[in-house]
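In what follows, a single structure is set out as structure tokens and then discussed.
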Amino acid sequence: MIAVYLLLLVPLAGMALLSFHGHRADAGRLNVRFNALALAASVWLAIDVLINGPELSAGRLLYIDSYNVYLVALTAFVGLTTSMFSGPYMAHEQEIGRVTARRLRLYYAMYQGFMLAMYLVLTTNNMGVMWVAMEGATLATVLLVSLYRTPESVEAAWKYFILCGVGIAQALFGTVLLYFAAEQKLGVGGEALLWTVLHDNAHALDPAILSLAFVFLLVGYGTKIGLVPLHQWLPDAHSEGPTPMSAILSGLLLNDALYAVVRCKMLVDGSLGTHLAGNLMMGFGLLSFLVAALFLHRQTDIKRLFSYSSIEHMGLMTFAFGVGSPWATFAALFHMTTHSLTKSAIFVTVGHAAQLAGTQRMDKIRGLILTQPTIGWGLLIGTVAIAGFPPFGVFASEFLVLVATMDDFPWLTPLLLLGIGLAFAGLFRHIQPMVYGDVPEGQKAITANLWPVFMHLALVLWLGLAIPGFLGNWFSQATQLIAGSLPQ
Amino acid sequence: MAITELTLYQQAILLLAGLIALTSFLMLGQSRLVRLVLVFALQGLLLAAATALAASVLDYPHLYVSAALSLLLKGIVIPVLLQRLIHRMGLHRVMDTIDHPARVMMAGTALVVFSYYVSLPVVQHSTLVTLNAIAVSLAVVLLGMLLMITRRQAVAHVVGFMSIENGLFFAAVVSTYGMPMVVELGVAFDVLVAAVVFGVFFFQIRSSIDSLNVDQLSKLTEADR
């Protein structure tokens, strides 16, 4: 259990220290060290859970089971590799004068603050604290989106703040309703918001109130997942903020919001015994998936392009969790992992590509593979992976989603295939000239730190070829927890 | 159930609920930013009064803490902060008029009716007071959103945002006798940080578009730039 406390204390200490030392030259390395410590704590925690099973902390405030333990490890891993990339990247930004030393300090402190909020969302046992941490993540990142202080970035940050703030207020209303329903059965007191208690008593909770609560929770946390039509903030925030932040927003924040929705779904399913929650999620998910795939085609900004790709994949996961059969749930859990790894790798590469070309406009980024082969290949392989080509992990997980949909809702598979095809076409028509086109005059190679990218892509490749036993085991256990039975 | 059959406490809560909804409507119609913030402060005071009343009548001591928090945050700190910002930015003479006040008011009324309709499933399980509290708090949340939609000034958006939080607090206090303490403190902390971040943003927005009229924040669109 000590590992959980460590996991939360490390980023807290990191935030405190970096808010004083963040402007120093070694702040980037310090940031990496803190994230490495957090990763070590999460690995320790993972081994602990692997051996001893689900754990509940004293005071029952923190809870770790097979559903969140792998997300904790994933969060720590992506947080570490992104911080490795962000050190030199931010140093470069400071060199060309886009950020000052003071803002760099803000950046590093908020990076740790964001990680803290993410760990808290994942590990807390209290639905209310989960909400507080989710709002905390918004507050930590909102100042990062406007870090460059351009009119566009201020606009994006304002939109992000208002839309996510109002959206997540709906989730708080849902949480209040949840508490209201629970309190009638469990009595007044701190017990009635504990997830473990709620889950054990889900069948006793009032279905009418819970279905009302779920609508608010889905809309609230759905805003953070970036579900259409609540997605408006996402492309703006991703494209105008610093690139390392896009990587952790896409790789971690969206996952964690979806995690919260699925936790709520488990309660509502237990109470209602119908497929209402699943149907709502399927509808929202499918809409996001298709709309985002179409929007991929008309993008001009490379970071906007990949943020729409994130919406598309989050939509697919929401859909798969909504289908709710064991296989679909397994596939969604798997897809969460592969998408996080691939998408954060892509954003790291995109950051380098944009620095190389000096712009984010795709019609100005050309000839990557000739100027700097590692960046060109990184972008190409990353795009191949995210578009769902074998043998990468995204292919395996998308294929599983398709198979699972075929079982329960066969008439929806053509729509899924259409979306995947559209997204594939949308990505490659933009990527191909960027990678292979003629080199613009005077484009020189930059110092790039690409081994986080290739580490991620290697992992995705590994996951596509074989899922390691312990991970498959966690996915199965989590599936059993969420869907009620094991995938056959 | 006739209103005279209710206990005095319940009648008082209903009255406060009505007043809180009224302040939301007042905000909706108020075009001067200074007065808008004043009405918001009044709403915060009413919220604190409702919480304190529930604490003393129902004997939940921890509600006193949240009453104090509401009073301090919503009734004093945030309004004072906003007033000072308004004066520092020279916005106290700015009129943020709405285009069709009558239509906005009608829409607000419709939202209240809608809130009662949505809360109907709850009434079968609880008292009249809870139904009213949940319906009114949902209405306050929706009216806050309407306020944000109809206004152009960033300050008005912040007031709308904060009054949404007021609605949520009211629901938590009256229908469930307050959330657990750790949640309540966390939410209050978030609100405070949000208020500070808003303050930072006012300066950023003003330095980027030279006013606080967020209608001018429209550079980012889906169409080709």
Side-chain angles (χ1 to χ4, degrees), chain A residues 61 126-129 131-133 135-136 138-140 142-143 146 149-159 161-162 165-166 169-170 172-173 175-177 179-184 188-194 206-209 211-212 215-216 235-236 239-240 295 298-301 304 361, chain B residues 58 60 118-122 124-126 130 134 137-138 141 144-145 148 154 157-158 160-161 164-165 167-169 171-172 175-191 193-194 196-198 200-201 204-205 207-209 214 216-225:
Chain A
L61 204 60
N126 188 318
M127 300 294 285
V129 174
W131 184 88
V132 171
E135 173 76 1
T138 310
L139 294 173
V142 79
L143 288 173
S146 68
R149 298 290 197 279
T150 57
E152 287 87 2
S153 70
V154 172
E155 179 187 339
W158 180 255
K159 222 182 201 179
F161 196 10
I162 291 291
V166 172
Q170 313 301 308
L172 184 58
F173 195 70
T175 311
V176 170
L177 286 175
Y179 186 52
F180 174 59
E183 209 186 40
Q184 295 186 330
V188 182
E191 300 284 284
L193 265 182
L194 296 184
D206 181 73
I209 303 178
S211 46
L212 190 61
V215 173
F216 282 101
D236 295 345
S239 65
E240 299 305 327
F295 267 115
R298 47 184 301 187
Q299 298 308 314
T300 54
D301 181 305
R304 284 184 89 88
R361 286 189 66 92
Chain B
L58 304 173
Y60 287 119
V118 169
S119 321
L120 268 184
V122 177
Q124 292 148 7
H125 304 275
S126 58
T130 347
I134 288 188
S137 54
L138 182 58
V141 169
M145 286 166 125
M148 293 172 84
H157 286 200
V158 175
F161 182 86
I164 289 178
E165 301 264 312
L168 296 171
F169 256 87
S175 63
T176 67
Y177 316 113
M179 305 280 266
M181 208 58 229
V182 53
V183 178
E184 196 112 16
L185 287 175
V187 174
F189 177 71
D190 274 347
V191 168
V193 175
V196 173
V197 174
F198 271 127
V200 174
F201 260 101
Q204 289 189 11
I205 292 177
S207 67
S208 87
I209 58 171
V214 289
Q216 292 172 23
L217 288 177
S218 54
K219 284 212 169 79
L220 297 168
T221 53
E222 268 328 308
D224 295 343
R225 268 181 273 165

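The figures that follow rest on heavy atoms only: side chains count, while hydrogens, waters and symmetry mates do not. Just so it is clear: chains get the letters A, B, ... in the order the sequence lines come, proteins before strands, and each one is counted from 1.
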Report summary line: dist Leu172(A):CG -> Phe169(B):CZ (nearest 0.5 Å) comes out at 8.0 Å
Report summary line: The reported gap from CG in Leu177(A) to CG in Leu138(B) (rounded to nearest 0.5 angstrom) is 8.5 Å
Query raised in the report: Which region of Gln204(B), side chain (C-beta onward) or backbone (N, CA, C, O), has a non-hydrogen atom less than 4.5 Å from a non-hydrogen atom of chain A, or is it both or neither?
Result: both
Query - Heavy-atom contact with chain A under 4.5 Å, split by part of Ile205(B) - result: both
Query raised in the report: Any side-chain heavy atom of Trp131(A) sitting closer than 4.5 Å to one from Val187(B)?
Result: yes
Report task. For Thr150(A), check side chain to side chain donor-acceptor pair (under 3.5 Å) against everything at least two apart and list the hits. Result -> Ser153(A)
Requested in this report: For residues Ile164(B) and Ala169(A), report the shortest heavy-atom separation together with the two atoms involved.
Outcome: CG2-CB, 3.6 Å
Query raised in the report: Do Phe198(B) and Ile162(A) have side-chain heavy atoms sitting under 4.5 Å apart?
Result: yes
Query raised in the report: Side chain, backbone, both or neither: which part of Val196(B) has a heavy atom under 4.5 Å from chain A?
Result: neither
Report task. Measure Ala156(A) against the heavy atoms of chain B and call it side chain, backbone, both or neither at under 4.5 Å. Result -> both
Query raised in the report: Can you say whether the rings of His157(B) and Trp158(A) are parallel (under 30°), tilted (30 to 60°) or perpendicular (over 60°)?
Result: parallel
Query - Minimum-distance pair of heavy atoms, taken over all atoms of Val154(A) and Phe201(B) - result: O-CE2, 4.1 Å
Report summary line: Okay, Ala157(A) and chain B: the region with an atom under 4.5 Å from a heavy atom over there is both
Report task. Could you tell me which portion of Val141(B) (side chain, backbone, both or neither) has an atom closer than 4.5 angstrom to a non-hydrogen atom of chain A? Result -> side chain
Report summary line: So, the part of Phe189(B) with a heavy atom under 4.5 Å from chain A: the answer is neither
Query - Closest contact, heavy atoms only, Ala194(B) versus Phe161(A) - result: O-CZ, 3.8 Å
Requested in this report: Drop me the distance from Ile134(B)'s CD1 to Ile209(A)'s CD1, to the nearest 0.5 angstrom.
Outcome: 6.5 Å
